[in-house]
Amino acid sequence: MKPKFKVMQNPKISRPALLQGLLIMLVAIAVNACYYDNEEDLYPMSNTDCDTTNVTYSGTVQPILNANCASCHNETTANGNVIVSNYPDLMTVVNNGRFWGAINHEPGYTPMPQGGGKLSECRLAKIRKWIDMGAPNN
Ligand code: HEC
């Protein structure tokens with residue numbers, strides 16, 4: 001007499017096929033997880049309106065500094081002995097960390113711009129991107 005449980009087995013689905021199906025599912029989950037990771041890297045502040053592509057010194061950073069900083073930090077009026085109105089002098093404070101520390105209002109630095117509000121998150125993101133690219137004179 002045939003045992004009853006034999007009826008429960010579906011001969012059309014072999015064990016290798018089941019494993020293959022499982023593998024495909026796992027790969028799909030992994031790929032999906034990576035996709036979300038990348039999205040977070042691209043938009044760290046979940047602000048999709050802030051376009052940090054094509055950030056340059058002359059086109060992005062210099063105009064921000066001219067509008068918000070240069071009046072107090074130029075060749076004739078260099079408050080705190082800091083000049084941000086030309087590239088070589090700006091690089092001094094970029095390289096010693098005072099530039100980013102001051103505009104990002106980090107502890108241990110005098111928050112800048114003095115007497116004004118903190119630069120917008122988008123402007124800071126653009127400046128950060130420029131620094132991370134190696135602060136090129138472009
Ligand atoms: C109204 C004038 C004024 C404006 C505008 C201004 N600063 Fe300053 N800044 C100062 C003064 C004054 C000091 C010196 C303060 C001190 O040493 O405590 C200073 C200091 C600094 C320092 C040195 C900070 C430290 O703790 O080492 C940096 C870097 C700096 N400013 C960058 C900037 C940048 C970048 C901007 C524009 C986003 C800016 N400043 C806008 C007046 C200004």
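Remember, it's 1-based here, ligands and their atoms both numbered in the order they're listed.
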Shell of residues surrounding ligand 1, defined by a 4.0 angstrom heavy-atom cut-off that is strict:
N68, C69, C72, H73, N79, G80, V82, R98, F99, A102, I103, Y109, T110, M112, P113, Q114
Test item: [X] and [Y] side chains (from C-beta on) under 4.5 Å apart, heavy atoms:
X    : Y    : answer
R98  : T92  : no
W100 : E106 : yes
I127 : I103 : yes
N86  : L90  : no

Can I get a per-line list of side-chain donor-acceptor pairs under 3.5 Å for residues 107-118, giving both atom names and the distance, sequence neighbours left out?
none

Distance-only, no hydrogens or angles: does the S58 side chain make a donor-acceptor pair with backbone N or O of N138 under 3.5 Å?
yes
